[in-house]
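This report concerns only the one structure given below.
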Amino acid sequence: MDEGRLTAALDRAERAILRMERALSQPKKQSSRDEELRAKVREAVAELDHIIRMAEDA
């Protein structure tokens, strides 16, 4: 993986973390909101895992 792609991947990871932090700081409205948040967290963690694997293979 070249430096530009790695930088872009890390930027995406940072944005995912910021989205999680914003979501966690919002007051709870409904239990369905909790499930939506859990799904988003699972997606973000999967994306971070993928980025880490790509960086390790570079």
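Sequential numbering from 1 along the given sequence is applied to the chain's residues.
Arg15 is linked by a salt bridge (Lys or Arg N to Asp or Glu O under 4.0 Å) to nothing, counting only residues two or more places apart in sequence or in another chain. Legend: residues meeting side-chain contact (heavy atoms from CB on, under 4.5 Å) with Ala13, ordered by chain and number and at least two apart, are Leu48, Ile51. With sequence neighbours excluded, the residues that form a side-chain contact (heavy atoms from CB on, under 4.5 Å) with Glu21 are Ile17, Leu18. A search for salt bridge (Lys or Arg N to Asp or Glu O under 4.0 Å) contacts involving Glu43 returns nothing, not counting sequence neighbours. The side-chain contact (heavy atoms from CB on, under 4.5 Å) test applied to Leu37 returns Ala23, Leu24, Val41, not counting sequence neighbours.
With rounding to the nearest 0.5 angstrom, the CZ atom of Arg5 is 12.5 Å from the CG atom of Leu10.
Contact annotation: the side chain of Lys40 never approaches that of Met20 to less than 4.5 Å [non-hydrogen atoms, C-beta and beyond].
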